[in-house]
S.K.: 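What follows is a single structure, and I will ask about it in a moment.
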Amino acid sequence: MASSFRVCGSHMSGRGRVLTQFQIIDRCLQRTFGTNVVAAAQSEAPKKEEIDDREGFKTFDAAQSERQEQAERSVLVSCNSTTNEQRFLKYLSRHGDVKKCFFYESYGTYAVVEFAKQESIASLQEVITIPVVNHECMLPFKSRLLSLRSGPSADLPNSQMGPQCQPQTTMPIQELIHRLSKEESIDQQIISLTESYQLTEENTRLRFLVCSLLKDIAAAYFPECTVRPFGSSVNGFGKLGCDLDMFLDLDSISGRKAKMPKAGLALEYQMKRTNSERAVTQSILSVIGECVDQFGPGCVGVQKILNARCPLVRFNHQPSGFQCDLTANNRVATKSSELLYLYGRLDPRVRHLVFAVRCWARAHGVTSSIPGAWITNFSLTVMVLFFLQRRSPDPVIPTLDHLRGLAGPADKSVIEGNDCTFVGDFSKIPPQSNTQTLEQLLHEFFDFFSTFAFGRMSINIRKGKEQNKPEVAPLHIQNPFEPSLNVSKNVNAPQLERFVALCQESSWLLQQSETSLPDARRSAPTPWGLAALLLPSQVAGLKGRKKRKREPASERIKSLLESLKKNSHQKKSSDPK
Ligand code: CTP
Ligand code: MG
């Protein structure tokens, strides 16, 4: 039951400092993705068992299919805080075994119920009734979003606690800073940040369930369709509260192209014609958007944004609390989600560094959920990947061209003329021998981008090398699968300057931590290390001003100086006279 989802505490055991940290990271990955352990980076050549461990990871497609199938067997039920969990489960089990069930809160209490068998859903649907509400009429669309009705005697008495709810949002930044300040090392802080922010097992299930509910709506027009999540919901870099990017996949319908019969007869569908793929996508999304708006229970604030480069329908799914973006014909983005997923699985440091950098950027307003001239999370992720490819002498991850070289015939993928081929089987990718700690990598990340030649160079993870910039945009990050596109086209010069200035300041702060903080670290809860990097900065307030020199004087630095002062006081009082 609900308690079986609870995240267990961190473990310490080990073969030396670096390896111990990676073991913790691996467990953290296992908890989130239910997969086996990835081989930790080590100074020696990879051992056979480490490569075997990698084989335990599911490929992206296998992981997705499993989740989708799970979601098809699930229902979402609006309950209340006094629902008697045992009675509820007993009632449901009349329709078949309940495999998993958990509760959460979002404008009320909800339960996600996964049955062991698909037939249970049909059996349940036979007994579900239509609500009768005075003076209101219902749009008779039946979905798997249900409401539990119970007489007073069926609820829990006041003296008993209701079902335990699983959190679906991240802790506030101040609480995070406090938590990180108590950690013993910067590596631990980075790991703790990931553990606090990453998507939980329950939240991932809920995301797939919302896709499955959406599919039921779209299936009214396109019975063979699938709705797949992409972006941070599935690429391993999602944070609790991130949006839900979905892709309406009609390939099983449009993929079967007719051939002229050599002999005999053949039938084909008569279909309306339009003049472009884009027009097809716009028509489909227009109709599905209308259905979501008119019939989708819990779907509110529906906006059809059909003239965007990538047309989409945006809405809020109230029962889950997710901000949803539904697209169609967006296969390339699905492929980049798969690539990010793969990089995140190759080495646990990848995810940790991405989480740390994204959180740092968000804390300083370098990124935002509101569209604008900010560097997006996707761009930041690609920047981290590029940085990890550029580590010398040993990169942490291989280039995309290298991954393409390792691909087999089954990996071949060309989408709209773009070569999206890369190896999907982890076991074919030899582990890299880089053994740098997370602290070293974070520090080097800030140094790297403090001095990067943004004015002349473009970031390219396909080659793993900076290239001459093909356009004048302040920041140029080549889309890994659509080389003519700049992922960060939206970023303006002041935003890039703020990013660089913050990198300089953060590098300086980490430098101070390295040289003079070992004792001050114990003087928690004064923010130090990564926690100090998340404190407000004066640099972050600079808008369009001239480039800042290396003279940090922000709240973060004041905090650092304070902790140094405290430390020297402590030292003095404990020094033997
Ligand atoms: N994408 C892209 N090019 C862009 C922006 C987005 O190819 N310029 C694709 C990426 O695959 C990205 C996905 O669309 O992962 C979803 O975009 P977005 O929601 O902006 O980013 P996420 O990676 O989902 O991150 P976030 O947590 O901020 O939602
Ligand atoms: Mg997203």
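By convention here, the first residue in the shown sequence is residue 1. Computed from heavy atoms alone, side chains included, the values below leave out hydrogens, waters and symmetry copies. Every number for a ligand or one of its atoms is a count from 1 in the order of the listing.
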S.K.: Contact between ligand 1 and K239 is defined here as a heavy atom of the residue under 4.0 Å from a ligand atom; is it met?
M.R.: no

S.K.: If you draw the axis of the six-membered ring of F422, does the NZ or CZ of K335 fall within 45° of it and under 6.0 Å from the ring centre?
M.R.: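 Verdict for F422: a cation-pi partner in K335.
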
S.K.: Backbone, side chain, both or neither: what part of S336 comes under 4.0 angstrom of ligand 1, heavy atoms only?
M.R.: side chain

S.K.: Measure L340 to ligand 1 on non-hydrogen atoms and call it side chain, backbone, both or neither using the 4.0 Å cut-off.
M.R.: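 Contact part for L340 vs ligand 1: neither.
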
S.K.: Checking only N/O/S atoms, does D325 have one that is under 2.8 Å from the Mg ion (ligand 2)?
M.R.: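 Looking at D325, which is the residue asked about, there is no N, O or S atom under 2.8 Å from the Mg ion (ligand 2).
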
S.K.: What's the separation between atom CG in L209 and atom CD in Q70, rounded to the nearest 0.5 Å?
M.R.: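 So the gap between those two atoms works out to 10.0 Å.
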
S.K.: With backbone taken as N, CA, C and O and side chain as the heavy atoms from C-beta onward, which portion of E482 lies under 4.0 Å from ligand 1: side chain, backbone, both, or neither?
M.R.: neither

S.K.: Check for me whether V487 has a heavy atom closer than 4.0 Å to any atom of ligand 1.
M.R.: yes

S.K.: For atom 2 (C) of ligand 1, what's the nearest protein heavy atom and its distance?
M.R.: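 Nearest neighbour among protein heavy atoms for atom 2 (C) of ligand 1, to 0.1 Å: F378 CE2, 3.5 Å.
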
S.K.: Could you tell me the residue and atom name of the protein heavy atom closest to atom 9 (C) of ligand 1, and the distance to it rounded to 0.1 Å?
M.R.: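 Looking at atom 9 (C) of ligand 1, the protein heavy atom closest to it is A333 CB, 4.0 Å.
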
S.K.: Verify the contact flag for atom 26 (P) of ligand 1, where contact means a protein heavy atom under 4.0 Å away.
M.R.: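 Under 4.0 Å from atom 26 (P) of ligand 1, at least one protein heavy atom found.
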
S.K.: Does the side chain of Y343 come under 3.5 Å of the side chain of Q389 through a donor N or O and an acceptor N or O?
M.R.: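 Side chains of Y343 and Q389: pair found under 3.5 Å.
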
S.K.: Number the atoms of ligand 1 from 1 as they appear, then name those within less than 4.0 Å of a heavy atom of N479, with their elements.
M.R.: 7 (O)

S.K.: If I compare all heavy atoms of V227 with all of Q68, which pair ends up nearest, and what's the gap?
M.R.: O-NE2, 4.4 Å

S.K.: With no hydrogens and no angle check, just 3.5 Å: does a side-chain donor-acceptor pair link S233 and R207?
M.R.: yes

S.K.: Can you check the angle at the Mg ion (ligand 2) formed by OD2 of D245 and OD1 of D243? Round it to the nearest 10°.
M.R.: 100°

S.K.: Under 3.5 Å, is there a donor-acceptor pair between the Q436 and E444 side chains?
M.R.: yes

S.K.: For F230, which part has a heavy atom under 4.0 Å from ligand 1: side chain, backbone, both, or neither?
M.R.: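 Just the side chain.
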
S.K.: Return yes if a side-chain donor-acceptor contact under 3.5 Å exists between S320 and H317, otherwise no.
M.R.: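 Side chains of S320 and H317: pair found under 3.5 Å.
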
S.K.: Taking the inter-plane angle between the rings of F102 and Y104 on a 0 to 90° scale, is it parallel (under 30°), tilted (30 to 60°) or perpendicular (over 60°)?
M.R.: tilted

